[in-house]
Amino acid sequence: MANVFENCLNYGGALHVPVITIDGPTASGKGTVAQRVARHLGFHLLDSGALYRLVALAGLRGGVALDDEASLAKLAAALPCRFSGTAVFLDGEDVSDTIRAEDVGKASSRVAALPAVREALVERQLRFCQQPGLVADGRDMGTVIFPDADLKVFLTASVEARAGRRYKQLIDKGFSANILDLRKDLEERDARDSQRAAAPLKPAPDAYLLDTSDLTIEEGVKQVLEWYRAAKA
Ligand code: CDP
């Protein structure tokens, strides 16, 4: 895994490709902040969580047990998926909303704990590293996949704020939701993501920490852009 960033340079060509990583726990706001920062800078966007969600969905649909590491890694390596803007396709079907359902989210955090699944997705993630730049959002973007990123941000927010956001997100998408169940699920997911041996959720030592509990999305985006400008200067 030591040479992943060299691979990133290979994908990006001879010139340095600027990379901003945004990691953090579930519903910390990283997806929305990453999207807006990428749009503002005209950079590509890697929503790495979507890849784990796609593997989970493909596994669930194929009747693969969520602890069958070898079969899930095979699925992950050959995942017939495509990204178009923020839309996500699996086998040609638009699954952008389907992968956001809570059962797929739960399953994705289980498959993401399997080292062979993570390994099978590395190359696919590195391919996003293209000019004019990349904003990568996930759990291990700054620690494992892009360790030499130009700017690393780790977003946090209180459990209350995150459960409230997730509730709103699900209701807006037409899913039903219960805030207490969501909170419990979020805490379980945090524990699994932080305690797993493979690429656990933790800030890179050189990451900027941003608590978004009391920030609007715009304020979060503004802060990340300010840090990026300072890092480039
Ligand atoms: O929306 P939310 O933050 O809950 O999840 P996500 O970013 O879509 O990621 C779904 C799951 O994939 C997470 O619960 C993590 O377990 C896993 N994941 C990961 O392990 N590494 C990443 N780089 C991104 C996501």
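Side chains included, hydrogens not; waters and symmetry mates left out as well; all remaining heavy atoms used. Both ligands and their constituent atoms are indexed starting at 1 by order of listing. Predicted model only: the values in this text are computed from it and were never measured.
- Side-chain contact between D137 and D23: absent, with no pair of heavy atoms (C-beta onward) separated by less than 4.5 Å.
- In this structure, a donor-acceptor pair under 3.5 Å is present between the side chains of R118 and Y52.
- Each salt bridge (charged side-chain N to carboxylate O under 4.0 Å, His left out) pair with one or both residues in residues 37-49, not counting sequence neighbours, appears once here: D47-R100.
- Around ligand 1 you find T26, A27, K30, S48, G49, Y52, R53, R100, S108, S109, A112, R118, G138, R139, D140, M141, R166, R189, D193, R196, each with a heavy-atom distance below 4.0 Å.
- Sorted by first then second residue, the side-chain hydrogen bond (donor to acceptor under 3.5 Å, both in side chains) pairs that include residues 74-84, not counting sequence neighbours, number zero.
- Among residues two or more places apart in sequence or in another chain, the ring pair (Phe, Tyr, Trp, His ring centres under 6.0 Å) test is passed with F83 by F128.
- Under the side-chain contact (heavy atoms from CB on, under 4.5 Å) test applied with V88, the options D97, D94, L54 reduce to a single match, L54.
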